[in-house]
> 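Have a look at this one before I ask anything.
Each chain gets a letter, A, B and so on, in the order its sequence line appears, and its residues count up from 1. Computation of the quantities below employed the complete heavy-atom set of this structure, encompassing side-chain atoms and omitting hydrogens, waters and symmetry-equivalent molecules. For clarity, every value in this text was computed on a predicted model and none was experimentally measured.
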Amino acid sequence: MFARLVARGLWQRKSRVLIALAALTVSATLTAALSNLHLDALRKIRSEFSRYGPNVMITPRASSAELLPVGIARELRAELAPEAESASVGSLAAVAPYLYAIVEVQGESVVLAGTWLDQFARLGGFRLEAGAAPGADSESGDRIWAGVVVARRLQLSPGDRVSIRYAGSERSFAVAGILSTGAAEDAQLLADLDAVQALAAAPDTLNAILARAAGSAPDIERKVAELAARFPAAAVNPLRQVTQAEFRVVERIRWALVGITLIVLLITSLCVLATMTAQAFERRQTVGTLKALGATEARLAALFLGEAVVLALVAGAVGFLAGAALARWLGATLFAASVTLRWSTLPLVLLVTQGVALSGAFFPLRLVRQTQPAVILRGE
Amino acid sequence: MFLRLLRDSFLRRRRRKLLAVAALALGTAVTMASLSVALDIGDKVARELRSFGANILVRPQADTLPIEIGGVDLRPLSEGSFLDERELSKLKAIFWRHHILAFAPFLFQSARLPGGETVVLVGTWFEKPLAIDDSTSFATGLAELNPGWQLDGDWPADAAEPEAVAGAELAERFGWRPGDDLTLALAGGHRVTLHLRGRLRTGGDEDRQLFVPLAWLQQESGRPHAFRQLQVSALVSPEDEFAQRDPASMTPVEFDRWYCTPYVSSIAHQIQEVLPGTEARPVYRVAQAETAVLSRVERLLAVVSGVALLAAVLVVLSTMTTTILERRTEIALMKALGADNLNVSGLFLAEATLLGLAGGALGYAGGLAGADLLARSVFGATITAKPVLLPVMLALATAAALVGTLIPLRGAQRTDPAIALREK
């Protein structure tokens, strides 16, 4: 009987019910779309910070005069994921060790940096001006990359051979490419770590390690703490300007999104409220009849709330699917990111929709209680 | 007659009209708030991103190769060329001067501690008030350049006083605390005593450097007004494909467009113009990260405000539809009294226009207040009112009201008056 009353009550006022349903579906769709998009979009924004390159720096603890053993870098490298993109949260995505030597080229002093070239490429943050990019496949033993400032001053171009002197030793390298970063690297030469270690007669030593940890700022801080405990001889520090900028930007975007979502939910729920109130007002006759036939206020309240619950369930289900599709489409077109359908957001969507619908049914309930059957049924 | 009908409709149905105006105002306010936030947030995020530090590096053009490791030029002061710090106020005279947020000149010299270890002295400005012209001054220096740095203690005064700020690693190693006096020997064996004012932790190379006032280092090394390197922090817009092009290959029109857009490359170009003999280069990794983050954020907010706009329009539509459906009897009565569809539509659309204008104006004001509240609580900054949005909001609200009226109106007009009147 109750179910029939609810079903008929909804069916007989199709056009009105549709408006309420539409408003509820919109709020469900928006909740679903924004909660699905939210996580992926923020992750995408966060991942853009990795373009800055390194976010962790490992240096010798005691002083800059001492050096790091290369073993630390080897150990860290063995733990790397095969692809920088597939690094899991809280693990390292790239590890680039650095050994610097002040060498002599064509009678000028130049800084020669030795690193693992594939890791240098993984860290990124450079632009290739000419020649081949450094990478894993470059059989790099005697290949060298020149910063733009060095290349211009020494008139180097890809294919040239340069002879590099350090203390007593001398070695010939082939220029493979010209790099530009806008920072100190522009005035440096870059070669494979082993070659620089051999030239400088400093095997197994490093000046610094630059690394990139995957994940958000707190993940990076955790990784730094873990590394610091593992390598007591080294000073491990997050590059704070990067982690802080990331943290602050992402937090602010998150709150801006939550703020806008809340405002949208507020207005859609007001819309539902207005529609439902208008409906209850129109159904005074029905309410009056039911009361005259002996329906208690609790039963009438259950009837109205039951209608709201049914509407919210339908709207929630439809809205969840529509919202997930919307998020997917937005993610694909705007962020080039696949937004995964999160079933964990379904309860949230249903809950929000129920909340909106029930709060919309709350005011009409007062109207129902105030209805006097005698007054209503007398006419007017 | 028409005007009287219109006036009566507003006076007799005050509650209904208020509801419609409220819905319109609310919808407009939401659109306005999210649009204002979205328009402003790019700028706010760009400012946040300036905690990356400098995004433009300026060096002398005719120079021997810098021996730079860890951000420090290790060349002895007898080598290479220098720039003149008296020229620097010109930076605030370029086309995009308001986008230059901070800059600081750097001079490096190594010094020896009594134990024999070498430390790098970095001479720079800390919180220098730079006189731009007779009336204005601009606060700049290391503190402004790197707002994300954590300083334990105070910045030294930018005077030729022997004061210093030590990097955290350095201070930890030698057990220095703010307030200590350090003795060290400059190149040539000249001994100096520095009063330590603070300790700096950045996580980067700065943790192993000793920062001193530029004026003092210039005086001690006998190079008045000289510096090696200038770091500039500029507020830039995301680099697009156009910005990647070589300015030399642009047509005059394209060049003007490039010059008048705050790309990092065009700002660097303008710096080179006012500081002849220098080379200003964008720091690629900072520019790249900034561009990527900014364009993502802008897209995200565009999407969200689009969604908010959609919600607002739907709310307005549903409220207007409800109002019209309630007035089916009235329409039927008007038609029974001889009004044709045109009369009825005219009346209702005129009502909708008035409601739309009122709702739009209220919504503009409300939305501005809401956006300001949001910006204050989230960004700790105010939103600049954009008057250009007022006509946009008025038009939007009116259009939503008209569409919301038109759709149900046609349905109502199609109903036979006899049937509609009998229903009552």
> Checking A:Val150 against chain B: side chain, backbone, both or neither under 4.5 Å from a heavy atom?
both

> Under 4.5 Å heavy-atom distance to chain A, tell me which part of B:Gln150 shows up: side chain, backbone, both or neither.
side chain

> Apply side-chain hydrogen bond (donor to acceptor under 3.5 Å, both in side chains) to residues B:Arg208 and A:Thr59 and explain how you reach the verdict.
CA-CA 10 Å; B:Arg208 278 166 298 282; A:Thr59 48; 3.1 Å; yes

> Check whether the side chains of B:Ser233 and B:Arg50 place a donor and an acceptor atom closer than 3.5 Å, and report yes or no.
yes

> For the candidates B:Glu290, B:Glu172, B:Gln229, B:Arg201, which exhibits the highest count of non-hydrogen atom pairs separated by less than 4.5 Å from chain A?
B:Arg201

> Relative to chain B, which segment of A:Ile102 carries a heavy atom at a distance below 4.5 Å: side chain, backbone, both, or neither?
side chain

> Please check: side-chain N/O of B:Asp73 versus main-chain N/O of B:Glu68, any donor-acceptor pairing under 3.5 Å?
no

> Pick from B:Ile67, B:Asn55, B:Leu57, B:Leu49: which one has the most heavy-atom pairs with chain A under 4.5 Å?
B:Ile67

> Of the backbone (N, CA, C, O) and the side chain (C-beta and beyond), which part of A:Val148 lies under 4.5 Å from a heavy atom of chain B, both, or neither?
side chain

> Quick check on A:Val26 against chain B: is it the side chain, the backbone, both or neither that has a heavy atom closer than 4.5 Å?
side chain

> Taking B:Glu117 first and then B:Arg112, would you say they form a salt bridge - that is, a charged N and a carboxylate O separated by under 4.0 Å?
no

> Among B:Ala292, B:Gly370, B:Ala168, which residue has the highest count of heavy-atom pairs closer than 4.5 Å to chain A?
B:Ala292

> In terms of heavy-atom pairs under 4.5 Å, which option from A:Glu185, A:Arg153, A:Glu108 contacts chain B the most?
A:Arg153

> Where on A:Ala22 is there a heavy atom nearer than 4.5 Å to chain B: the side chain, the backbone, both, or neither?
neither

> Using non-hydrogen atoms only, which part of A:Glu246 is less than 4.5 Å away from chain B: side chain, backbone, both, or neither?
neither

> Between A:Gly53, A:Ala208, A:Gly147, A:Pro238, who has the most heavy-atom pairs with chain B when the cutoff is under 4.5 Å?
A:Pro238

> Determine whether more than 12 heavy atoms belonging to other residues, nucleotides or ligands lie under 6.0 Å from atom CZ of A:Phe247.
no

> Minimum heavy-atom separation for A:Ser109 to B:Leu65, with atom names?
O-CB, 4.0 Å

> Among B:Leu74, B:Asp207, B:Asp205, single out the residue with the greatest number of heavy-atom pairs under 4.5 Å to chain A.
B:Asp205

> Take the angle between the ring planes of A:Phe126 and A:Phe120 and call it parallel below 30°, perpendicular above 60°, tilted in between.
parallel

> Just so I understand: if I count every heavy-atom pair under 4.5 Å between each of B:Pro282, B:Ala54, B:Ala287, B:Ala22 and chain A, which residue has the most?
B:Pro282

> Give, for atom OG1 of A:Thr115 and atom OH of A:Tyr98, the distance between the pair rounded to the nearest 0.5 Å.
4.5 Å

> Would you confirm whether B:Arg75, through its side chain, and B:Glu79, through its main-chain N or O, come within 3.5 Å as a donor-acceptor pair?
no

> Looking just at side-chain N and O atoms, do A:Glu129 and A:Ser180 make a donor-acceptor pair shorter than 3.5 Å?
yes

> Side chain, backbone, both or neither: which part of A:Arg127 has a non-hydrogen atom closer than 4.5 Å to chain B?
both

